[in-house]
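Report on the following structure.
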Amino acid sequence: MQVDTLHLTIHNPVHLSFTETAYDSFIWADGDGETYNQSGTYYYIHSDDNGCTQVDTLFLTVYYSSSNEFAATACESFFWDGITYTESGEYERLYSDIHGADSVVTLHLTINHGTHNAETVTSCESYEWHGQTYTESDTYTFAYENADGCESVDTLHLTVNHTTYGDTTAVACDSFEWYGETLTESTEWSRTIINAAGCDSVVTLHLTVNHTTYGDTTAVACENFTWQGEAYSQSGDYTAYMSNQAGCDSVVTLHLTINQPVAAEITIETSDSCYIWNGQSYCASGDYVQTLTAENGCDSVVTLHLTTSVGVDNHEVTAVYLAPNPTQNLSRIIGLDTDPVSVELHDMRGKLVMKGTSTELDVTTLPTGMYIVKVFTGNRIINLKLIKQ
């Protein structure tokens with residue numbers, strides 16, 4: 001009998017199980033090497049070292065990373081997750097969820113800013129700004145929300161200037177010039193100009209206009225006339241200027257008539273020892289002068305050439321004369337046959353105005369008029385007329 005012997009070894013397979021947690025995906029390195037990205041139970045069937053079929057089991061839980069984003073708009077700054085942001089931009093934050101998976105949050109941030117405007121303005125009397133009327137110089141602010149919804153502040157640096165008022169009082173003669181206007185009558189007149197601040201300046205003129213006065217004076221005089229300190233020897237119209245009570249010119253016109261003395265001569269030869277003339281008795285030959293009043297109101301100088309039986313012989317010498325005559329300055333005695341003992345110059349009133357022995361007479365400084373020249377030559381007296389121009 002044959003006996004077979006069986007040496008039998010029974011191997012029992014080992015079944016392994018794995019419990020895993022992963023994020024987003026899992027590679028089963030101990031299993032089939034596959035990548036799993038979903039939670040589940042997975043099996044890996046293979047032969048073990050004994051050739052037995054081994055079934056490994058994977059209990060897999062997969063957690064996924066999250067990716068979130070949001071947009072925000074803020075004024076000036078935005079506080080997020082402990083950080084203050086002041087500029088627009090995109091910002092990310094990475095953190096783990098309750099399962100330990102990564103979570104990325106993206107912030108799309110817009111930062112708007114308030115508007116801050118400043119202006120400097122100079123105005124007259126008042127200024128309208130944001131619906132408000134301001135009348136005093138100062139710094140003013142206006143708060144509002146701009147188009148982005150942010151708080152904004154405008155600042156106004158305001159200078160308010162004002163209209164000035166002035167009064168001018170003036171007194172003038174005949175006319176007054178004021179801001180290009182010629183005023184000839186008393187008045188009150190206002191004018192608006194621009195002052196140094198660029199605003200209106202209202203100036204009022206209180207004007208008194210006084211006027212020049214005019215007068216006429218008529219005078220008649222003999223030989224010369226003194227008026228307003230001036231001596232006049234010719235007829236004519238003369239004007240003097242003085243101030244009237246208002247302080248303006250007073251124009252006075254003098255209508256002057258100058259009359260000249262009248263000269264006359266009388267020659268008398270008498271055998272009487274005396275001659276009575278106009279109540280006066282003359283007892284010697286000679287030239288005698290009496291001053292009377294002529295029709296023109298001036299002196300009438302009458303010269304009496306008297307020859308009596310007693311006295312100095314007075315011959316008429318016709319060959320003796322003055323030249324030039326009339327004259328303004330010099331005149332000479334022409335025709336004398338001997339040098340004179342004395343030469344006298346009398347005015348028409350008989351007043352002696354010059355005396356000497358020269359035959360040359362200088363009458364430059366004498367007033368215009370008629371004069372008598374007496375030439376004494378021994379026993380003769382020669383009477384000549386001289387006209388000074």
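Model, not experiment: these values are computed from the prediction.
The closest donor-acceptor contact from the side chain of Lys388 to the backbone of Thr327 lies at 3.5 Å or more, if one exists at all. Judged by distance alone, with hydrogens and angles left aside, the side-chain atoms of Asp347 form no donor-acceptor pair with the main-chain N or O of Ile372 at under 3.5 Å. The backbone N or O of Thr212 sits less than 3.5 Å from a side-chain atom of Asp174, completing a donor-acceptor pair. No donor-acceptor distance shorter than 3.5 angstrom exists from the side chain of Thr226 to the backbone of Gly229, with no hydrogens or angles considered. Looking only at distances, no side-chain donor or acceptor of Lys351 sits under 3.5 Å from a matching main-chain atom of His346. Side chain of Ser175 to main chain of Thr182: no donor-acceptor pair is present (N/O by atom type, distance under 3.5 Å, no hydrogens or angles). A donor-acceptor contact shorter than 3.5 Å is absent between the side chain of Thr139 and the backbone of His157.
For Asp337, the salt bridge (charged side-chain N to carboxylate O under 4.0 Å, His left out) criterion is met by Arg380, not counting sequence neighbours. With sequence neighbours excluded, the residues satisfying salt bridge (charged side-chain N to carboxylate O under 4.0 Å, His left out) with Glu360 are Arg332. Residues forming a side chain to side chain contact (heavy atoms under 4.5 Å, CB included) with Asp216 (at least two apart in sequence, or on another chain): Thr253, His255. With sequence neighbours excluded, no residue forms a disulfide bond (SG atoms under 2.5 Å apart) with Cys52. For Gln54, the side chain to side chain contact (heavy atoms under 4.5 Å, CB included) partners two or more places apart in sequence, or in a different chain, are Leu16, His46, Asp48, Asp56. Applying the salt bridge (charged side-chain N to carboxylate O under 4.0 Å, His left out) rule to Glu344 yields the partners Lys355; only residues at least two apart in sequence or on another chain are considered. Every residue was checked against the salt bridge (charged side-chain N to carboxylate O under 4.0 Å, His left out) condition with Glu20, not counting sequence neighbours, and none meets it.
Other cluster members for Val251: Tyr214, Tyr241, joined by side-chain heavy-atom distances under 4.5 Å among Ile, Leu, Val, Met, Phe, Trp and Tyr. The hydrophobic cluster analysis finds Ile194 isolated: no Ile, Leu, Val, Met, Phe, Trp or Tyr side chain comes under 4.5 Å of it, directly or through other members. Counting Ile, Leu, Val, Met, Phe, Trp and Tyr side chains that sit under 4.5 Å apart, directly or through other members, Tyr43 shares a hydrophobic cluster with Ile45, Val55.
Counting non-hydrogen atoms of neighbouring residues, nucleotides and ligands closer than 6.0 angstrom, the CD atom of Gln228 exceeds 12 such neighbours.
Relative orientation of the His130 and Phe142 rings is parallel, given thresholds of 30° and 60° on the angle between their planes.
With 3.5 Å as the limit, one finds no donor-acceptor pair spanning the side chains of Glu145 and Ser152. Side-chain contact annotation: Asn195 with Ser201, donor-acceptor N/O pair under 3.5 Å absent.
For the atom pair CZ (Phe18) and OH (Tyr44), the distance works out to 10.0 Å, reported to the nearest 0.5 Å. To the nearest 0.5 angstrom, Ser25 atom OG is 12.5 Å from Glu34 atom CD.
With a 4.5 Å cut-off on side-chain heavy atoms, Asn37 and Phe26 do not count as touching. Inter-residue side-chain proximity for Tyr371 and Leu384 is flagged as unmet; no heavy-atom pair is nearer than 4.5 Å. Contact check for Thr377 versus Leu336: side-chain heavy atoms found under the 4.5 Å cut-off. By the 4.5 Å heavy-atom criterion applied to side chains, Thr192 and Ser190 are not counted as neighbours. Inter-residue side-chain proximity for Leu322 and Ile333 is flagged as met; some heavy-atom pair is nearer than 4.5 Å. Residues Leu158 and Ser137 form no side-chain contact, since every pair of their non-hydrogen atoms from C-beta on lies 4.5 Å or further apart.
With Tyr85 as the partner, the ring-ring contact (aromatic ring centres under 6.0 Å, His included) test is satisfied by one option alone out of Phe79, Tyr91, Phe78: Tyr91.
Residues Tyr42 and Trp28 come closest through the heavy atom pair O-CH2, 3.7 Å.
A ring-centre distance under 6.0 Å is not found for Trp189 and Phe176. Ring centers of Tyr140 and Tyr134: under 6.0 Å apart, within the cut-off.
The list of salt bridge (charged side-chain N to carboxylate O under 4.0 Å, His left out) pairs with a residue in residues 180-195, not counting sequence neighbours, is empty. The salt bridge (charged side-chain N to carboxylate O under 4.0 Å, His left out) pairs that include a residue from residues 66-92 are Asp81-Arg93, where partners are two or more places apart or lie in different chains.
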